[in-house]
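Below is one structure; the comments refer to it alone.
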Amino acid sequence: MLGKTAASLFWMSRYLERVENSARFIEAGFRIALTRSASASDEWSSVLKSSGVLQAYRRKHVDFDSVNVIDFLLRDRDNTNSVMALTKKARDSARTARTALTREVWEATNESWITLNAAMAKPVREQDLPETLGLIRNQSALVRGATLGTMLRNDGFNFLRLGSFLERADSTARILDVKYYLLLPSVALIGSSVDNVQWETILRSVSAHRSFRWLNGPDISAQAVADYLILHRQMPRSLTFCYAKISDNLNYIDDNYGIKSRSGELAHEICTDILRRPIEAIFDYGLHEYIADFIRANNGLAAQIETDFNFHDRVG
Amino acid sequence: MFDEMLGSGDDVRPPYRDYKSWLDRENVKRLHRKSADAEAFFRKTGITFNVYGEDEADERLIPFDVVPRVLSAREWRKLSKGIEQRVRAINAFLYDIYHRQEILRAGRVPVELIANNEAFLPQMIGVNPPGGIYTHIIGTDIVRTGDEEFYVLEDNARTPSGVSYMLENRETMLQMFPELFARIKVQEVSNYPGQLRRSLAACAPPKCEGKPVVAVLTPGIYNSAYFEHSFLADQMGVELVEGHDLKIVDGRVAMRTTEGYTAIDVLYRRIDDEYIDPLNFNPQSMLGVPGIFDVYRSGGITIANAPGTGISDDKALYSYMPDIVEFYTGEKPLLENVPTWRCSEKDQLAYVLEHLEELVVKEVHGSGGYGMLVGPAASKKEVAAFRAKLIDNASNYIAQPTLALSTVPIFTKKGLSPRHVDLRPFVLVSPSGISITPGGLTRVAMTKGSLVVNSSQGGGTKDTWVLEE
C-alpha cells in the first residue's frame, strides 16, 4: 500500500475519533453548565484545554459563555479542530485513500460530512444541542460499523485502527492532564470542595460513568477513577486498553510485512514500562508527571509509525 | 430540428419504440421520485466534480437525466467503424509526425502548423512508445444532425474524462429501473475497467519484469475529475498516485509504499504533458515527477497517453483530419468533420468576422467550453468583445457553423422536453487492437435551446444505450 494511503487512513480515523471525543467533552461540559452554573466557566475552560483549543478560543472570546464555547467547538471557522473542520478533514483523507476503503466506509464518511454540514449550517441553539450531539455520535457509529463490518483485515485496516487508538489514548490522557489535580490524594485529604460530581464529570467525558458504577458500586474515589482510566483492561477508552490494541495492530502489520518495526518495539516498551505500574506507584511517582510522560511517549510512537511506514517522503 | 426519439415528426423512431411504450405506461410520480433518488445516490456516492474558479468547498453534481439516449446496433456499427478508422489514423499520424514527417513532406499538412504549435513536443521526436501506441485512451466527441448525419466534433487524444459517468450512469439505471433491462436488451459497458487495465498492461515497457504494475496518476483531491481518477484506480484494482508519491529509483519510476519503493511499469496519467516532468517541461509544476521523461525515453516506463499526443487533437489541425485519415488509411473518412474556417487564413478570417453572429468560434487550445463564442446565443456586447479578441490574435481561433444538434428528451417537471446532446464514446488502443465500449457518455444541455453540453457549463448526462442486434 502507498505510504500516503496509510497516512490518510491513519489520519482519517484520528480525525473521526477526535470528532467523537469532542462530542463527549461538549456533552459533559454542557451538563455542568446546566446543573451547576457556578462551575460552568471552569468546566468550559477545561474542555477547551483538553481539546487543545483554549488559546485559539481566547484570541476570540473573553469569557466562557456556553453559547460561544459550543459554537467554537462545533463549527467556528477559526477553530481548525472544530467538529466541522475535523469532519471535513476526515472526508478529505477518505477521498485521498478512497481506493483503500470499501464503498460502505467511504459512503458512511461522506454522508457523515453531508449530514453534519446540514445540521450545523447555522449556529446550534441550546435546545437543539442534545439532538446535534446525538447525530454526531450516530454518524461515528455508522462509520465504525461500516469499517468493522466490511473492511478486509489487511494493513489498511490496521492503520485505521492505529489512528483510532492513538487518538483515543491521547484524548483520555489529555483529560487526566487537565484534571489531574482533582484526583490527587492531597485534595481528598483537604476534603473540601472536590466531590463526586467532579469525578463523575471526568468519567462522563469518556462515557464511562455507567460502567464504572457497574464495576465499583456507588463508592467513588479519586484513585479508583484514575485506575479505571489508566489501567483497566476492559474499559475501551483506558490507556491500557488502547495500547493493547495498538500493539496488536502493529504486530499484524509486522507479521504481514515480515519485519520487526521500531514502532512495534516502542509500543511494547510503553506497555511494559509505563502501563504496567500499579496505581499506587503512579501516585508515588506523581500523577501529573506520569501523564506527561505518557503523552510524550504516545506522540513519539505516532511519529515513529510515520517514519517506519513511509507516510511522507524523507528528504535526502 | 432532429429529435432522436421522435425524428422530425411524431412517429417514435425504431430504437426508442420499446422504451417509449414502457415510459407511456409509467406512473409520472414514480419517475419524479426516481429522479430525486438518482440525485441522492450521486451525492451519497460522492460522484461530484469541483468547478474551477469557485469556492474549493463547492462540489457540484452533474445533473443526471433518467431518460436514456438510445442507438440501434446498426447506427453503432457505423459510428464505431468510423471512430476506429479515425483512431488508427491518429496513431499513425503521431508516429509519423514524431519520426519522418512524411505527411509534411507530402504537403498535406502545412509545416508551420506543426512547427509553431505548442502541442507539438520536440522532446518526443524519435521516441518509440512501448507497443507503438500513442493514444491508449481516446474520447471521440460525436454530434448528430439527422438520421444518418454524424460528425466528429473533437478527437480528445490527451486525457479524455467522463468514462466514470458512463459507468455510473448505467449502474444507476440498473438500480432504478431493473425491469427495463429485463425487457430491452442493451449492450454491456461494465467491462471497461477490466479492458482498460488489460490494454494498459499490454503496453508494458521493455524494462518491465513479471506482471506489469499499473498506476493512475492524479493531481489530487481538489482536481475537478478526482472522482473519476479514484473510481478508475479502484475499479482496475491499481494504486492511485500523486507526484509526491513517486521518485526515480534505479532508473525506474517508483512509488513510495509502506514497505519501500516499488517500480511502476505503466502510468495512466491524468495530468497534462506540461506538468508531468518539471525537469523536462514546466519547471513550476508540483504535480509531476522530476526525470520521468528520461525514464520514459530509456524504456523504463509507459506513459499513457504518450506525451505529445495533443498535437493530434489540436483544433488548428482539426480541419486537416479528413486529409490525415486518407493519408494514413488510404480510405475516405467514414465519419465527417464539421466544416471549419481557419482564422489564421486571411480570407477565412474575413468570412468569420462577417458572420460572427451565426458561428461558433473556439480557441485552438481551449477545452471544456471555456473561452468560446456561440454566436446565435451571445449578446451584441459579447460578440463585440469577442470580435476584438479575435482580431487581436486570429490564429488562436477556428470557427464552425452552429450545427442544429440533435435532441433527446429529458424528463422535466412538466414531462418530456427536448434538449441538445452530444456523444463521447471511449476508445481503448492496445497492440492487440482497438476496442470501443458500446455507447459512451451522452452529454446534454439542460437549458432549453442551449447548445453547450459541457459539464463545466452546467451540462448534464444521460445513460447511453446501444441495443443488441
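- In this structure, B:Arg256 contributes its side chain and A:Phe311 its backbone to a donor-acceptor pair below 3.5 Å.
- The number of heavy atoms from other shown groups lying within 6.0 Å of NZ (A:Lys245) does not exceed 12.
- Residues of residues 229-244 of chain B that come within less than 4.5 angstrom of chain A, heavy atom to heavy atom, are B:Ser230, B:Ala233, B:Asp234, B:Glu239, B:Leu240, B:Val241, B:Glu242, B:His244 in numerical order.
- Side-chain contact between B:Thr45 and A:Arg103 is present, with at least one heavy-atom pair separated by less than 4.5 Å.
- Take A:Arg137 and apply the salt bridge (Lys or Arg N to Asp or Glu O under 4.0 Å) test, not counting sequence neighbours, and it matches A:Glu27.
- Atom OH of B:Tyr275 is surrounded by 12 or fewer heavy atoms from other residues, nucleotides or ligands within 6.0 Å.
- With sequence neighbours left out, A:Asp254 forms a salt bridge (Lys or Arg N to Asp or Glu O under 4.0 Å) with no residue at all.
- More than 12 heavy atoms of other residues, nucleotides or ligands lie within 6.0 Å of CD in A:Glu265, so this atom counts as buried by the packing criterion.
- Heavy-atom contacts from other residues, nucleotides or ligands closer than 6.0 Å to NZ of A:Lys60 number more than 12.
- For the atom pair CZ of A:Arg95 and CD1 of B:Ile221, the computed distance is 6.0 Å after rounding to the nearest 0.5 Å.
- Shown here is A:Tyr257, whose OH atom has more than 12 heavy atoms of other residues, nucleotides or ligands within 6.0 Å.
- Expressed to the nearest 0.5 Å, how far OH of B:Tyr226 lies from OG1 of A:Thr96 amounts to 5.0 Å.
- Contact of A:Glu107 with chain B is made through backbone and side chain together, with heavy-atom distances under 4.5 Å.
- Within residues 257-270 of chain B, the residues having any heavy atom under 4.5 Å from a heavy atom of chain A are, by residue number, B:Thr257, B:Thr258, B:Glu259, B:Gly260, B:Tyr261.
- Proximity to chain B is limited to the side chain of A:Ile114, based on heavy atoms less than 4.5 angstrom apart.
- With a 4.5 Å cut-off on non-hydrogen atoms, A:Asp308 touches chain B through its backbone but not through its side chain.
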